[in-house]
Amino acid sequence: MGDVFVEFFSEEALENVMTLLRFKPERIIYLGHKHNMITKKMKSLRKFASVTSPNTILEFIEVPRDSLELCIQTIDDICSEYPEAKFELTGGGEMFLIAFGFVSAKRKTNTLRIDPYTGTEMDFSDGAVPVTTHTDVKISVAENIILHGGVLRAPMTSWRFTERFRDEIRTIWGVAQELRHNWNKHCSVIEEMVKNYPADENGVYRLPKAALRDAVQILQRLDEVSMMDFFRYERSQVVFRFGSKQIREIVTKTGNILELHVYEVATRKPTDFTDAVVGAVIDWDGEAAPDPDFADAHSRSETINEIDVILMRSAVPTFISCKSGRADSKALHELETVTSRFGGKYAKKVLVMAPPCDTSTSGSSFFKQRAKDMHIWVLDDVYSMNDAQLIRKLQRIQGA
């Protein structure tokens with residue numbers, strides 16, 4: 001008979017999969033009540049298991065929440081059928097834990113607990129309590145979304161993170177740091193202009209100087225740091241070509257450079273985080289197969305959210321919303337909603353702001369206090385941070 005684990009079904013999805021991730025056993029038996037072991041959560045758990053441990057059999061046993069006698073009998077029957085089964089004690093309702101106490105008082109039971117946040121395992125089976133920490137218990141961003149009932153779809157912009165592109169991100173971020181609030185203002189102008197005056201078949205733009213006004217500073221500065229193929233003035237026009245399609249995507253959408261900067265710094269060393277996604281598009285439904293054409297997916301009546309950056313450290317996600325301008329309470333609530341749905345209580349929430357959040361005003365003080373009350377970390381004035389300071393703050397948030 002293969003290895004068998006028993007989990008007390010938890011409303012926190014991550015608490016249900018620690019033995020699955022750690023041991024990939026032959027069978028896991030989930031004990032739960034009707035109010036929390038609902039069909040959608042079981043379906044998400046089966047889908048997650050099919051990806052992370054396809055040979056593990058999942059069995060779900062529902063017991064009325066008001067029957068201590070049935071809870072005791074169910075646990076006792078499992079112990080008789082699977083005498084070597086191990087009971088994982090994270091999560092579950094109090095009725096099952098009371099029942100397990102009754103059973104374990106009269107017969108030998110094997111128990112353990114794995115902390116979802118740290119990966120620390122405590123095994124109580126033989127009287128002593130050996131403690132081990134497992135760094136191999138980890139999931140990807142896509143797997144985390146599956147676990148919580150969604151699907152990670154392809155983003156509208158698929159970035160190719162070559163070493164050259166990483167260098168370009170660092171260079172362009174340096175320009176954004178120089179221009180600060182003018183970066184957003186000028187990018188907005190350029191974004192509108194390239195829509196009104198599309199490039200020719202060779203990717204060359206001809207924009208009127210009078211309409212560009214001060215926004216031409218960005219183009220000129222990018223040319224000075226070799227981010228343009230060429231840049232010149234021709235009478236009343238500015239004529240130029242971006243150094244690459246990806247550089248064009250950065251310059252023609254105001255928030256892209258901050259998102260890319262955060263991602264680039266966070267993923268520079270693979271030991272800092274175990275997985276990361278920038279521009280994550282989350283389909284709340286999760287029923288349909290991932291559609292590579294986001295535009296088509298977006299046109300259907302589905303709930304879809306975009307999160308600027310998601311980082312994974314082992315099995316714990318960090319959801320990051322990036323704001324290159326000012327942020328309000330709406331940004332906090334959006335971040336709270338998505339993180340709660342697809343991360344649960346173990347997930348970290350971070351609002352990254354390029355400009356400072358001026359605490360000298362009562363509104364800003366209220367904003368930071370509101371974020372604190374919602375357990376959202378606010379990293380503001382990122383324009384003034386160097387890369388080492390930013391990564392240290394992200395590591396601290398994840399408890400590294």
Side-chain angles (χ1 to χ4, degrees), residues 153-265 278-281 292-299 306 308-309 322-327 352-355 382-383:
R153 293 194 179 278
M156 292 184 69
T157 303
S158 297
W159 305 103
R160 291 177 290 104
F161 281 88
T162 61
E163 284 305 311
R164 177 178 175 178
F165 184 49
R166 287 179 176 273
D167 287 338
E168 291 169 346
I169 291 171
R170 290 190 280 268
T171 299
I172 298 173
W173 173 250
V175 174
Q177 284 181 298
E178 293 172 14
L179 297 175
R180 291 183 170 255
H181 71 277
N182 284 326
W183 174 268
N184 267 19
K185 184 173 70 173
H186 295 339
C187 280
S188 295
V189 172
I190 293 172
E191 180 179 5
E192 186 65 24
M193 292 291 290
V194 298
K195 289 178 183 176
N196 296 334
Y197 300 89
D200 64 19
E201 64 275 11
N202 296 313
V204 177
Y205 288 93
R206 296 178 178 272
L207 307 183
K209 283 193 294 185
L212 270 175
R213 300 185 303 277
D214 291 344
V216 75
Q217 293 176 7
I218 283 186
L219 302 175
Q220 187 168 335
R221 187 70 187 94
L222 290 174
D223 182 57
E224 292 170 357
V225 293
S226 304
M227 294 294 103
M228 310 287 275
D229 275 350
F230 61 85
F231 170 88
R232 63 177 180 265
Y233 294 100
E234 289 185 2
R235 297 182 181 179
S236 62
Q237 292 182 323
V238 176
V239 183
F240 64 91
R241 184 169 62 203
F242 291 108
S244 69
K245 180 181 177 182
Q246 297 200 123
I247 292 174
R248 184 193 69 199
E249 291 293 328
I250 293 175
V251 179
T252 56
K253 185 178 178 184
T254 55
N256 275 348
I257 187 56
L258 180 59
E259 298 173 21
L260 291 169
H261 170 63
V262 171
Y263 177 89
E264 194 278 321
V265 170
V278 62
V281 178
D293 191 339
F294 171 66
D296 287 348
H298 200 33
S299 67
E306 294 182 60
D308 297 326
V309 181
C322 298
K323 298 297 179 184
S324 54
R326 298 293 180 183
V352 173
M353 298 174 60
V382 176
Y383 277 144

**Request:** Please report the C-alpha distance between Val216 and Lys209 in whole Å, then the side-chain angles of each, then the deciding distance to 0.1 Å, and finally whether the side-chain contact (heavy atoms from CB on, under 4.5 Å) criterion is met.
**Result:** CA-CA 8 Å; Val216 75; Lys209 283 193 294 185; 5.9 Å; no
**Message:** Contact between Phe231 and Val238 at the side-chain level, heavy atoms closer than 4.5 Å - yes or no?
**Reply:** yes
**Prompt:** Between CD of Gln217 and NZ of Lys185, what distance do you get to the nearest 0.5 Å?
**Reply:** 8.0 Å
**Message:** Can you tell me how far apart OH (Tyr197) and CZ (Arg206) are? Round to the nearest 0.5 Å.
**Reply:** 14.0 Å
**Ionic contact status for Arg164 with Asp167, cut-off 4.0 Å** = no
**Spacing of NZ belonging to Lys195 relative to CD1 belonging to Ile190, to within rounding of 0.5 Å** = 13.0 Å
**Request:** Start with the C-alpha gap between Asp308 and Val278, add the side-chain angles, then the distance that decides, and say whether side-chain contact (heavy atoms from CB on, under 4.5 Å) holds.
**Result:** CA-CA 6 Å; Asp308 297 326; Val278 62; over 6 Å; no
**Message:** I'd like to know if the side chain of Asp200 and the backbone of Asn202 have a donor-acceptor N/O pair within less than 3.5 Å.
**Reply:** yes
**Fill in**
Note: Val189 and Arg213 closest approach over all heavy atoms is CG2-NH2, 4.2 Å
**Asked** Less than 4.5 Å apart, any side-chain heavy atom of Ile257 and any of Ser324?
**Response** no
**Message:** Ignoring hydrogens, what is the shortest heavy-atom contact between Arg166 and Glu264? Give both atom names and the distance.
**Reply:** NH1-O, 3.4 Å
**Message:** Could you tell me if the side chain of Ile247 sits less than 4.5 Å from the side chain of Glu168, heavy atoms only?
**Reply:** yes
**Request:** Measure the CG-OH distance between Leu212 and Tyr205 for me, rounded to the nearest 0.5 Å.
**Result:** 12.5 Å
**Asked** Under 4.5 Å between any side-chain heavy atoms of Ile172 and Met227, yes or no?
**Response** yes
**Message:** Just to verify, what does Arg232 make a side chain to side chain contact (heavy atoms under 4.5 Å, CB included) with, not counting sequence neighbours?
**Reply:** Phe230, Glu234, Val239
**Heavy-atom side-chain contact between Leu219 and Phe242 under 4.5 Å** = yes
**Complete:** When rounded to the nearest 0.5 Å, the distance separating CE of Met193 from NE2 of His186 is 13.5 Å
**Asked** So, do Tyr383 and Trp183 sit near enough that their side-chain heavy atoms are less than 4.5 Å apart?
**Response** yes
**Prompt:** Any side chain to side chain donor-acceptor pair (under 3.5 Å) pairs touching residues 235-260, not counting sequence neighbours?
**Reply:** Asp229-Arg241
**Prompt:** How long is the gap from CZ on Arg326 to NE2 on His181, to the nearest 0.5 Å?
**Reply:** 10.5 Å
**Fill in**
Taking every heavy atom of Cys322 against every heavy atom of Leu258, the minimum-distance pair comes out as CB-CD2, 3.7 Å
**Prompt:** Do Gln220 and Tyr233 pass the side chain to side chain donor-acceptor pair (under 3.5 Å) test, and can you show the C-alpha distance, the side-chain angles, and the key distance before you say yes or no?
**Reply:** CA-CA 10 Å; Gln220 187 168 335; Tyr233 294 100; 3.0 Å; yes
**Fill in**
In Val382, Leu260, Ile250, Val265, the residue satisfying side chain to side chain contact (heavy atoms under 4.5 Å, CB included) with Trp173 is Val382
**Asked** Relative to each other, are the rings of Trp159 and Phe165 parallel, tilted or perpendicular (30° and 60° limits)?
**Response** parallel
